[in-house]
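Step one of this worksheet: look at the structure below.
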Amino acid sequence: MRCSWGVVVEGLLTGSISRIVVIEIKSLSHTFNGSAQPVLQISGLTLGNECFVSVVGASGSGKSTLLRIMAGLIEPTAGQISLDGKSPHEKRDVGELGFIFQAPTLLPWRTAMQNIVLPCELQAGGSGSRQQDVNAMLSLVGLSAEDTRKRPSQLSGGMQMRVSLARALITRPGILLMDEPFAALDDILRIQLQEDVRRIHREQKITFVLVTHNIREAVAMSDRVLVLGDQPAQIMADVAVDLPAVRDNDVRRSSEFQDIVNEVTDALHQVV
Ligand code: ADP
Ligand code: MG
C-alpha cells in the first residue's frame, strides 16, 4: 500500500489545517569536511503525502545525516532537496517542519508549558499560541495541566518525550522528523508512545519521517520502510507496510506483521 494523495482536511487542533508536504530528493550527496568519501548518495526519492515513513539502517550508516539534511540542519555538498519546492530551512523557519531528537532537549529552567510554547515565541512574526490550541495539544499528546506546571527534571523520560512532541507540534507542522526518539525508553513506555504517535499521525494527517534501528518499531509505526545501505548511505530497499491503520497488539502479533519484519530484516542483512 502506498500513501495516496490526501485532501486538505480539518485537523483535531482548533483551526488547524493539514498541509500536504512532499519531500523531493535528486542526486543528493554529502561529504563531511576532511573526509575523502561521501557519507550519503541518494539518486532520487519522493516522500510525503501524509505518509509515515521509517528509515532503518546499521549504526553509522548515515540515517541521522539524511534526517538532518531533510531538516535543513546540514547543507548537502551536492544535489537538491526540496519540501513543497522550498528549502528545508525555509520550511523550518516558518514552523512548518518539526524535529524531535533522541533526547527531549528541553530547557531545564522552563516549565513543561513554557517549553511547549517556546517555538511560538521564537517564530518570526509569530502571534503566540491560543489557549484553546494549547489545550487541544495537551490532550492530543496525553499531558495533564498539572504535568505542564512541572519542570523537565520533575517529569519521567516518557513525559519529557511527550512535552518534546507537543513542542514540535505546537506550530502545526505539515511534517515531523524524528531521530530515534524512543531509544532511551523502556519497552512498555516505548510501545505506548509508538501507538500515541501513530494515532497523532492518523488524526492530524502529518507526514512523519522516523529514523530508527529497531525493525519492529519501524514496521509497527510506518506505511513505508526505507532500508539504508552504508558507505555511502543509499536506499537499498523500499518496503510497503500493508497493515491495518491501527497497529494494536493483535496486528503486532500477526503473521502479516512478522512477514514484513522478515522482509526488512533480510534487506538489512544483505547490506551489512
Ligand atoms: P547513523 O545515524 O546511521 O548512526 P550518522 O548519520 O550519524 O549515522 O553518521 C554517518 C557517518 O557520518 C558516520 O561514519 C559518522 O561518523 C559520520 N559523521 C556524522 N556526523 C559527522 C560530522 N559532523 N563530521 C564528520 N563525520 C560525521
Ligand atoms: Mg543516528
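Numbering of ligands and ligand atoms starts at 1, following listing order.
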Should you measure from each heavy atom of Val39, which atoms of ligand 1 turn up under 4.0 Å away?
10 (C), 11 (C), 12 (O)
Residue pair Asp147, Met113: steps toward the side-chain contact (heavy atoms from CB on, under 4.5 Å) verdict:
CA-CA 8 Å; Asp147 296 328; Met113 177 63 82; over 6 Å; no
State whether the side chain of [X] and the backbone N or O of [Y] hold a donor-acceptor pair below 3.5 Å, judged by distance alone.
X      : Y      : answer
Arg151 : Pro108 : no
Asn115 : Arg110 : yes
Gln114 : Thr111 : yes

Please report which non-hydrogen protein atom sits nearest to [atom], along with the residue it belongs to and the distance in Å to one decimal place.
atom                   : answer
atom 8 (O) of ligand 1 : Gly62 N, 3.2 Å
atom 7 (O) of ligand 1 : Ser64 CB, 3.8 Å
atom 1 (P) of ligand 1 : Gly60 N, 3.5 Å

Quick one, Asp93 with Lys86, criterion salt bridge (Lys or Arg N to Asp or Glu O under 4.0 Å). Give me CA distance, side-chain angles, the key distance, then yes/no.
CA-CA 11 Å; Asp93 288 351; Lys86 294 183 184 163; over 6 Å; no
Which is closest to atom 5 (P) of ligand 1 by heavy-atom distance: Val55, Thr65, Val211?
Thr65
Looking only at side-chain N and O atoms, does Arg252 offer a donor or acceptor that is under 3.5 Å from a partner on Gln258?
no
Atom 15 (C) of ligand 1 protein-contacted (non-hydrogen atom, under 4.0 angstrom)
no
Output for pair (Leu177 CG, Leu67 CG), nearest 0.5 Å, gives 4.5 Å
Is it the side chain (CB and beyond), the backbone, both or neither of Ala58 that lies under 4.0 Å from ligand 1, heavy atoms counted?
backbone
Between Phe32 and ligand 1, is there a nitrogen or oxygen pair with a distance under 3.5 Å?
no
At a threshold of 2.8 Å, where the distance has to be below it, does the Mg ion (ligand 2) have an N, O or S atom of Gln102 nearby?
no
Ligand 1 contacted by Ser59 (non-hydrogen, < 4.0 Å):
yes
